[in-house]
Number of protein chains: 2
Amino acid sequence: MTFQLDQFLPYRLSVAATQVSRRFAARYAAEAGLTIPEWRVLAHLGQSGAVSVRDVTARVALDKSIVSRAASRLEKAGYVRKSSHGKDQRLVALELTEAGRELMARLGKIAETFQAELLAELGEDGPAFRRALLQLSKATAP
Amino acid sequence: MTFQLDQFLPYRLSVAATQVSRRFAARYAAEAGLTIPEWRVLAHLGQSGAVSVRDVTARVALDKSIVSRAASRLEKAGYVRKSSHGKDQRLVALELTEAGRELMARLGKIAETFQAELLAELGEDGPAFRRALLQLSKATAP
DNA sequence: ACCCTATCGTTGCTGATGCAACGAAGTCAA
DNA sequence: TTGACTTCGTTGCATCAGCAACGATAGGGT
């Protein structure tokens, strides 16, 4: 029997992820022209207060260079403020501005709605799907 | 309650996909230094005989420019042969060379093994996970 | 106090991505 | 047959991801 690409889990996973990202991006594009890294940084700051680039990097699964650039764009757009961390001068403290909090409040609603739609589509497979994603997200030892 | 990025399905899905792709890439890197598009094109040709770029594009969920470039690289590497489709001169017939079939045979085994590992990790959530991925891969009407 | 090493964040650079435009080839109707 | 329109595959171009290198700062041992 030959190998079937369309039965292959990594492939199916990648296609699904791309598809879902596209659908979601179409939703929030109307509110703000954010890239995915920008959206993730914004969302993380919304739930975490003032944190460093390193913290964000660890949490949102993006390279630090990407987080750095996303933060700079968000700062220029007025959604994020960079200040220096008093204690350790190497660190930068990132936090949302008032405009950033407002934007995040709107995007948060959109995100919740979208997630509800997805879960409705999944029906009873939803919980198992969630568990599976968590399991697969674990990195193997380097 | 504030929005929690790490509970958000599109985010979890994206992280899981990236993670799994990395793990799989690490496996086949030892056999051949393929990019993901190259791997997909190779895999599709392995199961489909001679087909056009358009066919591959539709099947592997990649832009036609990406398929075109991947096919060119695979041709240069000696895994793929491009010939002209007698009937319609616009079409290109892509097919694996002998070297391509050999490589695919080896990669197919690696892929099967890897998939078995993933399914073992998922345990009884595997089938639901599969169904969910298929459901989410469906595009919404444009 | 000093040096040696580690960490933080930014920037450069290479290659990949995705969109649009293009030439070539085919189709269909008048 | 001609001409308008469509489709196929390639290529150009702008952007983005990811890795490495860098300056700046911190910390730890002697």
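In what follows, chains carry the letters A, B, and so on, assigned in the order in which the sequence lines appear, proteins first and then strands, with residues in each chain numbered from 1.
- One atom, CZ of R73(B), and another, C1' of dT17(C), lie 11 Å apart when rounded to the nearest Å.
- Atom pair L94(A):CG and dT10(C):C1' shows a separation of 13 Å (rounding to whole Å applied).
- Atom CZ in R54(B) sits roughly 14 Å away from atom C1' in dA25(C) (whole-Å rounding).
- R69(B) contributes no side-chain N or O that forms a donor-acceptor pair with the base of dG15(C) under 3.5 Å.
- Of the candidates dA17(D), dG9(C), dT25(D), the closest approach to any side-chain atom of I66(A) belongs to dA17(D).
- Nucleic acid contact class of S72(A) (heavy atoms, under 4.0 Å, all strands): none.
- Residues E121(A) and R23(A) are paired through a salt bridge, judged by an N-O separation under 4.0 Å between the basic side chain and the carboxylate.
- In this structure, E38(A) places its CD atom 8 Å from P of dC16(D), rounding to the nearest Å.
- Taking 4.5 Å as the limit, every side-chain heavy atom of R40(A) sits out of range of all side-chain heavy atoms of H44(A).
- Annotation: of the two residues near DNA chain C, D63(A) and R22(A), the 5′-most nearest-nucleotide partner is D63(A).
- Between P37(A) and K87(A), it is P37(A) whose nearest contact on DNA chain D lies nearer the 5' terminus.
- The CG atom of L62(A) sits 12 Å away from the P atom of dC19(D) (whole-angstrom rounding).
- Closest to the side chain of R90(A), out of dG9(C), dT25(D), dG18(D), is dT25(D).
- If you measure from atom CD1 of I36(B) to atom P of dT17(C), you get 8 Å, rounded to the nearest angstrom.
- Within the 4.5 Å cutoff, the side chain of L13(B) has heavy atoms near those of the F129(A) side chain.
- Within 3.5 Å, no donor on the side chain of S52(B) pairs with an acceptor on the base of dC8(D), nor the reverse.
- Summarising the geometry, the separation between CD on Q89(A) and C1' on dC8(C) is reported as 12 Å, rounded to the nearest angstrom.
- Taking 4.0 Å as the cut-off between side-chain N and carboxylate O, R73(A) and E38(A) count as a salt-bridged pair.
- With hydrogens and angles left out, the side chain of T35(A) and the base of dC16(D) share no donor-acceptor pair within 3.5 Å.
- The shortest distance between the side-chain N/O atoms of S65(B) and the OP1/OP2 oxygens of dT10(D) is not below 4.0 Å.
- Side-chain contact check for R69(B) and T35(B): no donor-acceptor pair (N or O, by modelled atom type) lies under 3.5 Å.
- Listed nucleotides: dG9(C), dG26(C), dG9(D). Nearest to the side chain of K64(A): dG9(C).
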